[in-house]
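Written below as structure tokens is the structure these notes are about.
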Amino acid sequence: MKTAIIYVSSHHGNTKKVLDVMAYSNDIDLLKISEAKKTDFSVYDAIGFASGIYFHKFHKGIEKLASEIDLTGKKVFTVYTCGINYINYARGIQKTIRSQDCEFIGGFSCRGYDTYGFFEKIGGIAKNHPNEKDFRKAREFIKNNLR
Ligand SMILES: Cc1cc2nc3c(=O)[nH]c(=O)nc-3n(C[C@H](O)[C@H](O)[C@H](O)COP(=O)(O)O)c2cc1C
């Protein structure tokens with residue numbers, strides 16, 4: 001199973017930390033948006049879309065690629081980190097993915113340290129995330145879904 005994960009991870013690199021754990025000793029290429037634009041995705045069996053959550057959504061560039069890349073026949077999944085994990089922030093992008101003729105295999109999410117705006121004043125939220133437990137779950141997500 002050859003897999004590509006296209007990602008944006010800006011503020012604290014929280015999402016990238018999770019992706020590094022997922023990619024470790026697996027056949028997974030991590031691609032930034034700029035790299036994804038030059039990539040031939042026909043060689044991949046599975047594609048992941050990953051992002052921090054910014055104002056309730058995935059990064060716009062990631063959402064756009066989910067509609068532009070031909071996902072036909074591929075396994076597709078989402079990964080995100082967010083400050084407050086209380087709703088499925090991937091709902092929008094998952095709808096875009098499902099509109100293609102692909103197999104949506106699920107989503108992984110966990111909290112990620114957030115110091116945006118007001119939260120900075122109180123020392124940030126989700127301070128120690130992603131943590132070892134989040135990383136273990138991330139490894140399990142890959143093990144259970146990509147084989
Ligand atoms: C500009 C901005 C907007 C954010 N908006 C949300 C939000 O709407 N909901 C939420 O739960 N977290 C929000 N966060 C927190 C981030 O999603 C969280 O810190 C995430 O782990 C960032 O991932 P990254 O370090 O990979 O970029 C926001 C953070 C920033 C900087």
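On a predicted model such as this, the values are computed, not experimentally measured, just so you know. Both counts, for ligands and for their atoms, begin at 1 and track the order of listing.
Closer than 4.0 angstrom to ligand 1 by heavy atom are Ser9, Ser10, His11, His12, Gly13, Asn14, Thr15, Gly52, Ile53, Tyr54, Phe55, His56, Thr81, Cys82, Gly83, Ile84, Tyr89, Gly112, Tyr113, Asp114, Tyr116, sorted by chain and number.
Note on ring orientation: taking the six-membered ring where Trp is involved, the planes of Phe108 and Phe141 are tilted (angle from 30° to 60°). Ring planes of His12 and Tyr113: tilted class, angle from 30 to 60°.
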Margin query: side chain to side chain contact (heavy atoms under 4.5 Å, CB included) for Arg139 and Lys143? Distances and angles first, verdict last.
Written below: CA-CA 6 Å; Arg139 270 191 292 272; Lys143 194 167 150 239; over 6 Å; no
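A side-chain donor-acceptor contact under 3.5 Å links Thr15 to the backbone of Gly52. One N or O on the side chain of Arg111 and one on the backbone of Gly83 form a donor-acceptor pair closer than 3.5 Å.
Among residue pairs with one or both ends in residues 30-50, those qualifying as side-chain hydrogen bond (donor to acceptor under 3.5 Å, both in side chains) are Asp29-Tyr44, Asp40-Ser42; sequence neighbours excluded.
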